[in-house]
Amino acid sequence: MKKQRDRIWCAVGSPATWTTDYLIALLGVYFWAIYVFGVYDINRVLAGCFSVAIVFSLCMQLALRRTIDIRKLLSAAVNGFLVGFLMPAGTPLWVIVTVMAIAILPFELPYLGQYLRRYVHPIALAAVFMIFVFPQFKATNADCLIGVSGPIPPLDSLLSGMIPDDGIYDMLIGRHSGLIGEVSVLMITAGGIYLIVRDTIRVYAPIAMLGSLAILSYAFPVAGDRLDFLVAQMFTGGVFFTAVFLLSYFPTCPATRNGSVLYGLLCGVLTYALRRFFPTFDGVYLALLLSAAAVAVIEPLLAPQIILWKKEF
């Protein structure tokens with residue numbers, strides 16, 4: 001029994017601590033996005049998502065329960081901030097309000113919300129909703145204030161079956177367009193290291209996701225040589241942001257080691273498959289949404305003697 005208990009993991013600290021850790025980890029991504037897209041556009045989108053999420057959560061709590069749960073407000077604040085990083089810099093306010101309604105309101109409902117929090121990743125749901133409902137709002141080079149390294153955004157080149165003109169240095173540092181949180185792989189990695197050191201997230205799911213995607217990309221390249229395609233696949237779109245900040249989202253991330261590995265493997269395999277066979281959009285967010293739902297069903301089968309405990313955040 002001791003061995004089984006050791007496999008159950010809880011992030012160190014309280015919801016307020018986790019919120020602070022996430023915000024600190026996102027600082028590098030935030031400041032780099034300001035450098036690429038400008039102070040006004042970045043703050044308008046992120047502040048809009050952050051405030052709308054809190055207002056929606058507060059109104060739903062007062063309307064349904066007539067009490068305020070601080071943990072739910074903190075959860076909504078982090079969700080809103082993370083969803084903001086998955087939007088283009090020029091996203092209008094009415095789109096922000098619509099997307100945040102999808103990310104917050106269903107999860108605040110008394111009975112349905114408890115079910116949804118277990119099986120549905122709210123940030124991935126918001127990202128997928130934005131992709132399919134508002135496809136016209138996408139990242140372009142015109143949003144950038146700096147001189148970018150290629151004429152076409154690297155993700156668009158990859159999805160078109162071409163190796164991006166951007167070199168590995170430009171994609172790693174982030175001298176190209178993209179969604180607010182997707183641009184700098186280096187800053188995302190730095191934030192991930194901070195969260196791991198703080199014991200806020202574990203490495204099993206991110207490594208499983210990145211490893212499975214890297215192996216498939218190297219073994220079955222679509223364009224260019226194997227190494228070029230691997231780099232383009234890993235360093236474009238939302239792969240690293242998903243692996244670091246979204247995969248380990250507390251309510252949907254499995255509490256067991258085996259479940260975390262399966263979760264990451266599923267997300268990596270589905271990301272490769274969706275990008276290859278449905279190259280009209282970045283499949284990483286749909287892959288995350290499907291993986292979270294699948295693992296919520298599969299994980300109890302991996303350890304049936306354990307009462308599955310979901311971290312409330």
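None of these values were measured; they are calculated from a predicted model.
The number of heavy-atom neighbours closer than 6.0 Å to CZ of F129, taken from other residues, nucleotides and ligands shown, is above 12. The number of heavy-atom neighbours closer than 6.0 Å to CD1 of I168, taken from other residues, nucleotides and ligands shown, is 12 or below.
P254 and V295 get closest at one heavy-atom pair: CG-CG1, 3.3 Å. The two residues V45 and G84 have their closest heavy-atom pair at CG1-O, 3.8 Å.
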(message) Would Y204 and Y263 count as a ring-ring contact (aromatic ring centres under 6.0 Å, His included) here? Give the steps.
(response) CA-CA 9 Å; Y204 301 123; Y263 183 38; over 10 Å; no
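Between the side chain of R275 and the backbone N or O of T280, no donor-acceptor pair lies under 3.5 Å. In this structure, S57 contributes its side chain and I54 its backbone to no donor-acceptor pair below 3.5 Å.
The ring of Y115 has its center closer than 6.0 angstrom to the ring center of Y119. Between F37 and W32, the distance separating the two ring centers is not shorter than 6.0 angstrom. For F81 and Y22, the distance between ring centers is not under 6.0 angstrom.
In this structure, R175 does not pair ionically with D166, as no charged nitrogen and carboxylate oxygen lie closer than 4.0 Å.
Y30 and N43 share a donor-acceptor pair across their side chains, judged by distance under 3.5 Å alone. Side-chain contact of S248 with R202: a donor-acceptor pair under 3.5 Å is absent, judged by distance alone.
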